[in-house]
Amino acid sequence: MKEMLIETIKNLFSKPVTVKYPQEPSPPPANYRGLIVYKEELCIFCTKCEMVCPPGAIRFTYGEDGSKKYHYNPYLCIYCGECVRACPKPGCLTQVEKTAPPDSSIPNWDELERRAEKSKKAFLKAKAIAKKSGS
Ligand code: SF4
Ligand code: SF4
């Protein structure tokens, strides 16, 4: 009974052990593998990151001239780090100890995936036609 009373009094004056999530972000655990950060200026657009990503959280859309644009869905990402390991350019993709912000706005991913597929097909078709007419 005495120990219980001491413990109760101690708890009355100690800090709460809980966090006010979602008003305050919960701190990531030690060695937490978090968000993928991309540096376009280092990218050679080889698309290896897209190819190895298990859930398809990285997609490239293609321009008519063959230019590619990187897209990343932090809510689809399972933070496995495969894209970082596959990237041939050091520093282009890094994994930071940060979680996806709760209020982050990402584009409609279903629509983006359709656009990525469509633009890739159109680019490959145009490339094949150009190759055929060139030979
Ligand atoms: S960490 Fe894994 S799931 Fe996330 S983008 Fe990279 S390969 Fe995809
Ligand atoms: S693997 Fe690296 S260099 Fe290749 S497209 Fe992805 S981010 Fe760019």
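Start at 1 and go down the list; that is how both ligands and their atoms are numbered. For this chain, numbers begin at 1 and follow the sequence in order. All values derive from a computational prediction rather than experimental measurement.
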With a cut-off of 4.0 Å, which atoms of ligand 2 are near a heavy atom of T47? 4 (Fe), 5 (S)

Is any side-chain heavy atom of L93 closer than 4.5 Å to a side-chain heavy atom of Y70? yes

Closest non-hydrogen atom pair, C83 against I58: CB-CD1, 3.8 Å

Student check: side-chain heavy atoms of C87 and C49 closer than 4.5 Å: no

Does the side chain of R115 reach to within under 4.5 Å of the side chain of L112, using non-hydrogen atoms? yes

With a 4.0 Å cut-off on heavy atoms, is A86 touching ligand 2? no

Side chains of V37 and Y72 in contact at under 4.5 Å (non-hydrogen atoms): no

Hey, is CD on E64 packed in by over 12 heavy atoms from elsewhere, all under 6.0 Å? no

Proximal ligand 1 atoms for Y79, defined as those under 4.0 Å from one of its heavy atoms: 1 (S), 4 (Fe)

Please tell me if the side chains of H71 and T61 come closer than 4.5 Å, counting only heavy atoms from C-beta onward. yes

Please state whether the separation between atom 4 (Fe) of ligand 1 and some N/O/S atom of C77 is under 2.8 Å? yes

Closest approach of any protein heavy atom to atom 2 (Fe) of ligand 1, naming residue and atom: C80 SG, 2.3 Å

Identify, for atom 3 (S) of ligand 1, the protein heavy atom at the shortest distance, and state residue, atom and that distance. I78 N, 3.3 Å

Checking heavy atoms under 4.0 Å, the part of I44 that sits near ligand 2 is both

Ligand 2 atoms in contact with C49 (distance to a heavy atom under 4.0 Å): 1 (S), 5 (S), 6 (Fe), 7 (S)

Let me check something: do V96 and I36 share a hydrophobic cluster, defined by ILVMFWY side-chain heavy atoms less than 4.5 Å apart, either directly or through other members? yes

Can you pull out the closest protein heavy atom to atom 4 (Fe) of ligand 2? Residue, atom name and distance to 0.1 Å, please. C46 SG, 2.3 Å

Residue and atom name of the nearest protein heavy atom (relative to atom 1 (S) of ligand 1), distance in Å to one decimal: G81 N, 3.1 Å

Report the nearest protein non-hydrogen atom to atom 8 (Fe) of ligand 1: residue, atom name, distance rounded to 0.1 Å. C53 SG, 2.3 Å

Sidechain N-carboxylate O distance under 4.0 Å for R59, E117: yes

With side chains defined as the heavy atoms from C-beta onward, is the minimum distance between L35 and Y79 less than 4.5 Å? yes

Which atoms of ligand 2 sit under 4.0 Å from any heavy atom of F45? 5 (S), 8 (Fe)

Under 2.8 Å from atom 8 (Fe) of ligand 2, is there any N, O or S atom belonging to C43? yes

For K48 and P88, work out which heavy atoms get closest and say how close. CD-CD, 4.4 Å

Would you kindly specify which portion of C92 sits under 4.0 Å from ligand 2, judged on non-hydrogen atoms: side chain, backbone, both or neither? side chain

Numbered in order shown, the ligand 1 atoms found under 4.0 Å of a heavy atom of Y72 are 5 (S)

Within the 4.0 Å heavy-atom shell around P55, which atoms of ligand 1 are there? 3 (S)

Evaluate the salt bridge (Lys or Arg N to Asp or Glu O under 4.0 Å) criterion for residues E82 and R85: first the C-alpha distance (whole Å), next the side-chain angles of each, then the deciding distance (0.1 Å), finally the verdict. CA-CA 5 Å; E82 280 303 311; R85 282 185 282 278; 3.1 Å; yes

Please state whether F60 comes within less than 4.0 angstrom of ligand 2, counting heavy atoms only. yes

So does C83 have any N/O/S atom less than 2.8 Å away from atom 2 (Fe) of ligand 1? no

Looking only at heavy atoms of I58, does any of them come nearer than 4.0 Å to an atom of ligand 1? yes

